[in-house]
There are 2 protein chains.
Amino acid sequence: MKPTLQTVADAVGVSRSTVSNAYSRPDQLSPALREKIHEAARRLGYPGPDPTARSLRRGRVGAIGVLFTSALSYAFTDPYAVLFLRGVAESAERHGSGLLLVPLSEADEQAGIEAVRNAAVDGFCVYCVPASHAALDVTRSRGLPLVAAERPVEPGPDSMYVGIDEAAAARTVGSHLARLGHRRVAIVSDLLVAERRTGPVALDGPADIRYDVDVTRERLRGFAEGLAEGGVGWSDLFLVNAGTNSRAEGARAAGYALDRADRPTAVLAITDLLALGVLDALATRGLGPGRDVSVTGFDDIPEAAAAGLTTIRQPAVEKGAIAGRLLLDPPEDPAARQVLLPTDLVVRASTGPVERK
Amino acid sequence: MKPTLQTVADAVGVSRSTVSNAYSRPDQLSPALREKIHEAARRLGYPGPDPTARSLRRGRVGAIGVLFTSALSYAFTDPYAVLFLRGVAESAERHGSGLLLVPLSEADEQAGIEAVRNAAVDGFCVYCVPASHAALDVTRSRGLPLVAAERPVEPGPDSMYVGIDEAAAARTVGSHLARLGHRRVAIVSDLLVAERRTGPVALDGPADIRYDVDVTRERLRGFAEGLAEGGVGWSDLFLVNAGTNSRAEGARAAGYALDRADRPTAVLAITDLLALGVLDALATRGLGPGRDVSVTGFDDIPEAAAAGLTTIRQPAVEKGAIAGRLLLDPPEDPAARQVLLPTDLVVRASTGPVERK
DNA sequence: TAGCGCTTCTGGATCGATACAGTACGCCGC
DNA sequence: GCGGCGTACTGTATCGATCCAGAAGCGCTA
């Protein structure tokens with residue numbers, strides 16, 4: 001039989017409450033008695049108050065949940081996700097809370113719902129989950145603080161988020177390329193369509209994106225708007241969907257664009273990870289980035305600098321840290337619950353003027 | 001007032017137990033009633049059984065804890081740790097469990113102890129934590145399954161671990177270099193001494209390592225044994241401690257060895273991350289890896305292949321997956337609770353024969 | 001129609017702690 | 001000597017569910 005508070009209380013000859021206080025409110029009892037209690041606990045092998053029981057009574061768990069779309073196991077593959085998580089972790093640590101990673105598998109929606117139901121947490125952080133995912137409703141119905149790691153297209157007055165102006169940032173990429181003279185442009189992005197396949201897709205416009213992660217739509221909208229400054233219309237864009245947000249699929253997707261007869265002079269990738277794949281695809285074809293084909297990414301992960309990738313820098317760790325802080329200590333002021341972070345266009349060697357032949 | 005099981009039960013006019021069954025054992029009641037209950041729950045905004053209360057009663061939480069030495073926020077910086085975590089995550093996901101990351105800050109030992117006490121989990125996975133860390137005792141006293149992500153030097157009969165034969169693997173590195181003729185050898189490692197400083201250290205032998213992460217000691221022992229085959233004695237080794245397991249500190253540490261008058265012909269790093277730093281240090285000094293100075297790592301992280309680093313390959317993801325499986329479903333057979341994985345010496349361009357001048 | 005087995009539902013006990021109101025007691029000032 | 005006050009500790013109610021023994025209802029058989 002495992003020892004409980006009562007076991008220790010009986011051994012010392014005090015009440016259960018007093019033992020509880022010895023752990024949770026040491027100032028409520030005399031040092032002598034406290035020591036006696038701790039001594040008895042050691043002797044009996046009592047590990048301290050049971051976290052579950054304590055949580056139930058206190059109504060506080062001491063952990064925050066992070067929801068991921070992709071299988072939990074992929075959470076660690078995207079450097080940007082890792083940086084974000086690190087920020088969340090920093091906040092949680094400062095607050096003495098743990099981080100519960102909650103799988104939200106795509107194949108089995110019911111499993112995700114169950115996971116959210118069962119998650120013992122004080123709040124949820126939602127990272128790149130499509131707005132339609134059923135688990136989100138469950139998350140909301142739990143009535144816990146919830147912060148989105150991106151700006152919802154239509155933020156409610158009391159919703160919390162920390163994000164960037166995706167469209168505006170993407171616009172700077174588009175207009176950068178437009179100014180460099182690019183007119184034949186391809187875009188490589190994941191989540192353009194609901195299926196996980198890699199290949200060209202045709203869309204009537206950004207609003208036609210059938211998979212409802214707002215980030216994708218907004219970035220595409222921004223790209224298009226920026227490029228329009230150079231007279232590039234939506235129908236001029238060659239869109240390739242990438243099955244997953246990975247370097248390998250980025251390379252595969254880029255192939256569809258690069259192997260065309262009228263090869264684009266610029267390839268815009270929606271994440272750095274995909275962009276690195278695009279660079280790989282250039283390399284295997286003997287094409288020079290920034291010279292033969294310009295390439296851009298998004299996020300400015302550490303590898304981007306080394307690869308000389310032009311990209312949008314957004315403060316990933318800080319974003320996570322703020323998300324964590326919002327969750328653990330939601331500000332009274334509704335305005336403070338919605339945070340927009342600044343972004344910068346970082347121009348590196350992977351973009352250059354289009355060649356005049 | 002938030003709705004509870006009772007609220008729903010009253011609304012439908014059944015007992016609390018029946019509502020509970022509607023969620024947890026759907027086969028125990030008629031489909032009609034079950035639907036009625038779910039309908040009422042929806043109407044009342046009841047999110048399903050409270051995870052905390054459920055855990056208390058069931059005695060099962062549905063999450064496993066992962067303990068880290070370094071601050072939680074660094075858990076994501078070492079690619080090897082990330083791979084391992086991914087494996088653990090895969091197992092947890094399959095089992096419908098979450099992953100609770102538990103910070104074990106080094107500065108504030110008490111905070112770590114508190115974190116372990118408060119962690120609502122069904123088991124702990126310990127990853128690279130010094131055997132002396134006070135939080136480990138607390139972990140054990142919780143009486144939960146516990147699996148170490150490395151082989152303890154003296155495994156108890158009932159302890160669980162998944163690891164590799166560190167010393168044997170390291171020995172192959174040492175003898176590889178010995179065979180290539182290397183006699184002036186430096187070793188770059190973190191955790192050689194308790195302090196977090198970067199610089200040369202003097203030790204009487206592997207057993208003299210004052211920081212008790214067994215892995216460090218065992219790998220060093222292996223290096224030494226392998227090198228001894230070429231007649232290199234312990235006192236011939238130039239040891240440099242790295243403040244942290246990072247690329248930058250690896251480069252700094254390597255500097256101490258490379259800038260000596262009698263520059264070593266080989267530098268053995270205890271992790272790939274440090275080894276990449278050593279390669280950086282070579283590059284800034286215009287030295288050729290494998291030609292001027294041979295360099296080895298340990299772990300075979302993805303970047304190692306790209307860098308042409310000779311290293312020890314160990315199955316990181318699989319290691320994590322097995323750790324997770326051991327935790328969630330401890331085998332009856334004690335022998336099956338202790339898993340040793342195979343390793344390979346992967347020879348790449350970063351090692352070569354010592355130059356005869 | 002009594003007896004049996006099966007499904008469906010009930011109600012009290014229980015998981016292990018914390019909150020809070022209350023008691024006991026010593027000490028101070030007047 | 002007594003009210004007032006602070007400190008140290010107690011005891012009961014409570015958090016929100018699950019477990020389990022048992023009751024009710026129902027069909028079937030002998």
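None of the values given here were measured: they were computed from a predicted structure. Every chain is numbered from 1 and lettered A, B, ... according to where its sequence line falls, protein lines coming before strand lines. Every heavy atom of this structure was used, including side-chain atoms; hydrogens, water molecules and symmetry mates were not.
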Item checked: Contact pattern, 5' to 3', of nucleotides 14-20 of chain C - B, S or - by protein heavy atom under 4.0 Å -> BBBBBB-
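A close approach under 4.0 Å does not occur between any side-chain nitrogen or oxygen of B:T18 and OP1 or OP2 of C:dC9.
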Notebook entry, point to check: Passes side-chain contact (heavy atoms from CB on, under 4.5 Å), A:R140 versus A:D137? Steps please.
Noted result: CA-CA 5 Å; A:R140 286 194 205 91; A:D137 288 328; 3.1 Å; yes
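Across all non-hydrogen atoms, the minimal contact from B:V121 to B:G65 is CG1-N, 3.5 Å.
Note that the CG atom of B:L101 and the CG atom of A:L100 stand 8.5 Å from one another [nearest 0.5 Å].
Across the protein-nucleic acid pair, A:Q28 atom CD and D:dG6 atom P stand 14 Å apart, rounded to whole Å. When rounded to the nearest whole Å, the span between CZ of A:R117 and P of D:dA17 equals 12 Å. Straight-line distance from the CZ atom of A:R60 to the C1' atom of D:dG16: 19 Å, rounded to whole Å. Residue B:D10 contributes atom CG, which lies 14 Å from atom C1' of C:dT10 at whole-angstrom precision.
Comment: A:K36 does not engage A:E39 in a salt bridge, judged by the lack of any side-chain N to carboxylate O separation of less than 4.0 angstrom.
Within the 4.0 angstrom heavy-atom criterion, only backbone atoms of the sugar-phosphate kind lie near B:S30; the bases stay farther away.
Note: B:Y23 and B:H38 have perpendicular aromatic rings, judged against thresholds of 30 and 60 degrees for the angle between ring planes.
Each of A:L327, A:I64, A:L326 was compared with A:P145 under the side chain to side chain contact (heavy atoms under 4.5 Å, CB included) criterion, and only A:L327 meets it.
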